[in-house]
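Accompanying notes for the structure given below.
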Amino acid sequence: MGDPRADIPGTDRLLHEPRLAEAAGRLGRAVVLDAIRTAQDAARSGALLPGDVADAAVAALPPLASSMRPVVNATGVIVHTNLGRAPLSDAARDAVVAASGTTDVELDLGTGRRGRRGAAATAALLDAVPEAEAAHVVNNNAAALLLCALAFAVGREIVVSRGELVEIGDGFRIPDLLESAGARLREVGTTNRTSVADFADAVGDQTAFVLRVHPSNYTVTGFVGTPTVAGLAGLGVPLVVDVGSGLLRPHPLLPREPDAAGALREGADLVTASGDKLLGGPQAGLLLGRAQLVERLRRHPSARAVRVDKLTLAALEATLRGPATPTVRALEAHVDELRRRATRIVETLRGKGTDAATVPCESVVGGGGAPGVRLPSVAVALPERYAAALRTGADPVQGRVEDGHCLLDVRTVRPDQDELLSAAVLACG
Ligand SMILES: *Cc1c(COP(=O)(O)O)cnc(C)c1O
């Protein structure tokens, strides 16, 4: 008898196998070669019969040419940084697909002349926040702050409270960001208390602007005090307010979360915010405020380095004009409805012999928004070992481990993912 390994089909032959040839056209040759080599290696080690190599290579093909995979967010953290923050609405996703080819992002189809890039997204922003005279969109909120520093404060001072020197995450700090642009920080007040007088004493001919930063990922309680935005608006220098979360108008469930419209009404000259936190849109930095300041930002040479691409502009406009985002729906979901969904999932799982139960729990906003807010929710509780199994499954689900249980908080799961969630749990056996 000959060595069965001699019968392992060669790479060229496999590349001509119809299913693998089709996949090479769709996913690229390198991705298919990877799957072929994995299957050939398995056959060489004896784990696979030579006749099964083609099927195994097909089975090993990834669904997409990119490796980023959808993950069901069952963490109970509505805006989860590690899961890509806000999930796009269907309207925004469709807009991204439509804009992904050649598109009229800088073409006026009526006249055939060059059109202003981002005009539709900015118009949608101004409709949502009529308190702003003008708006501009950049890569993210950090870029919005950087551009403010570059345009107004190189070699000059930004006056900021010691209670608002915020580390945003992954070791990045707003004060370092501003200094990296060549601005000097003039810190005033203390960690827990800062007054209008502290700011007034520091403002002088070196001042570029006063900066108010929302402490969006921590709370300081006790003997605390911060001036209102209105209090800082009368100091004779521009006031820039970083509201953080991208809430454009007040939300009744988040009474302490600052919003862009409110800050402008109180007298802020510029507001900066993120597009992919509570606004529920794509990663973007929103700049709203006085026309003259916005125009200086828009025309600054560095603006080009922080501009957003057409996909972001399309998604942002659709987020602003379209129906309620998944983020807002998760925030506003009523606990009775969450209980109904969790109960239905648990019934399905128990019907198939899985040890599952509903438990009350609490969700949070997360992702740099509304620190301290806890929303009543309901979770599907499973034995703890499910946490790792679900994360590494074919349709990954990220839950959280609490008191020896794997909890799947349904508030952050899209209602149309409930069946997928049940199937993923059942697949863990
Ligand atoms: C999140 C956050 C930022 C950074 O925003 P990105 O969009 O992630 O760049 C800046 N300031 C505040 C107050 C934030 O909450």
Side-chain angles (χ1 to χ4, degrees), residues 77-88 121 125 135-150 153 158 160-181 183 185 194 209-220 226 229 232 239-248 251 254 256-260 262-263 268 270-289 297 302-303 305-309 311-313 315-316 319-320 325 327 331 364-373:
V77 180
I78 294 176
V79 178
H80 199 297
T81 301
N82 302 150
L83 296 177
R85 288 198 186 159
L88 291 185
L125 258 180
H136 183 57
V137 183
V138 293
N139 180 55
N140 59 10
N141 192 11
L145 291 166
L146 181 71
L147 192 56
C148 288
L150 287 168
I158 298 171
V160 62
S161 163
R162 291 198 171 88
E164 298 178 1
L165 301 170
V166 177
E167 175 168 319
I168 351 174
D170 197 21
F172 287 100
R173 296 172 168 174
I174 290 177
D176 297 346
L177 172 94
L178 299 168
E179 285 178 334
S180 78
L185 286 194
T194 306
F209 57 85
V210 165
L211 177 64
R212 170 67 172 265
V213 182
H214 175 46
S216 58
N217 50 12
Y218 62 96
T219 52
V220 182
T226 321
V229 170
L232 297 178
L239 171 61
V240 178
V241 177
D242 171 9
V243 297
S245 77
L247 206 59
L248 298 182
H251 193 286
L254 308 171
R256 276 196 290 279
E257 192 66 10
D259 63 286
L270 270 179
V271 166
T272 78
S274 295
D276 55 348
K277 292 181 177 173
L278 285 171
L279 181 61
Q283 178 187 305
L286 315 179
L287 284 151
L288 293 147
L297 294 171
S302 296
V306 292
R307 85 170 188 183
V308 284
D309 80 329
L311 305 182
T312 302
L313 291 169
L316 180 61
T319 299
L320 290 162
T325 63
T327 303
L331 175 70
V364 296
V365 171
V373 170

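We count ligands from 1, going down the list as the structure has it; atoms in each ligand are counted the same way.
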Query - Polar proximity ligand 1 side, Ser245 side, N/O cut 3.5 Å exclusive - result: no

Report summary line: Rounding to 0.5 Å, atoms CG (Leu248) and CG (Asp259) come to a distance of 8.0 Å

Query raised in the report: Side chain of Gln283, backbone of Asp276: donor and acceptor closer than 3.5 Å?
Result: no

Query raised in the report: If you count the atoms of ligand 1 from 1 in the order shown, which ones are under 4.0 Å from a heavy atom of His214?
Result: 13 (C)

Query raised in the report: Among the heavy atoms of Asp242, does any lie under 4.0 Å from an atom of ligand 1?
Result: yes

Query raised in the report: Where is the nearest protein heavy atom to atom 7 (O) of ligand 1: which residue, which atom, and how far?
Result: Ser274 OG, 2.7 Å

Requested in this report: Taking only heavy atoms of Ile174 into account, list the atoms of ligand 1 that are under 4.0 Å away from them.
Outcome: 10 (C), 11 (N)

Query raised in the report: Roughly how far, to the nearest 0.5 Å, is OG1 of Thr327 from NZ of Lys277?
Result: 12.5 Å

Query raised in the report: Do side-chain atoms of Thr312 reach the backbone of Val308 as a donor and acceptor pair under 3.5 angstrom?
Result: no

Query raised in the report: Of the non-hydrogen atoms in Val137 and Ala284, which two are nearest, and what is the gap between them?
Result: CG1-CB, 3.9 Å

Query raised in the report: Is Gln283 touching ligand 1 with its side chain, its backbone, both, or neither, if touching means heavy atoms under 4.0 Å apart?
Result: neither

Report task. Report the nearest protein non-hydrogen atom to atom 4 (C) of ligand 1: residue, atom name, distance rounded to 0.1 Å. Result -> Ile168 CG2, 3.6 Å

Requested in this report: Specify the protein heavy atom at minimum distance from atom 1 (C) of ligand 1: its residue, its atom name, and the distance to 0.1 Å.
Outcome: Lys277 NZ, 1.4 Å

Requested in this report: May I ask you to identify the nearest protein heavy atom to atom 9 (O) of ligand 1, giving residue, atom name and distance to one decimal place in Å?
Outcome: Ala142 N, 2.8 Å

Report summary line: Numbered in order shown, the ligand 1 atoms found under 4.0 Å of a heavy atom of Gly244 are 12 (C), 13 (C), 14 (C), 15 (O)

Query raised in the report: Should the proximity of Asn217 to ligand 1, defined as any heavy atom under 4.0 Å, be assigned to the side chain, the backbone, both, or neither?
Result: neither

Query raised in the report: Between Glu257 and His214, does a side chain to side chain donor-acceptor pair (under 3.5 Å) hold up when you go through it step by step?
Result: CA-CA 9 Å; Glu257 192 66 10; His214 175 46; 3.2 Å; yes

Query raised in the report: Between atom CZ of Arg173 and atom OG of Ser180, what is the distance when rounded to the nearest 0.5 Å?
Result: 14.0 Å

Report summary line: Exactly one candidate in Leu247, Thr325, Val79, Leu320 meets side chain to side chain contact (heavy atoms under 4.5 Å, CB included) with Leu279; the answer is Leu320

Report summary line: Among non-hydrogen protein atoms, atom 10 (C) of ligand 1 lies closest to Asn141 ND2, 3.3 Å

Query - ligand 1-proximal atoms of Arg85, by part, heavy-atom distance under 4.0 Å - result: side chain

Query raised in the report: For atom 15 (O) of ligand 1, what is the nearest protein heavy atom, given as residue, atom name and distance?
Result: Ser216 OG, 2.5 Å

**Report entry** Asp170 side-chain N/O to Phe172 backbone N/O, donor-acceptor pair under 3.5 Å
**Finding:** no

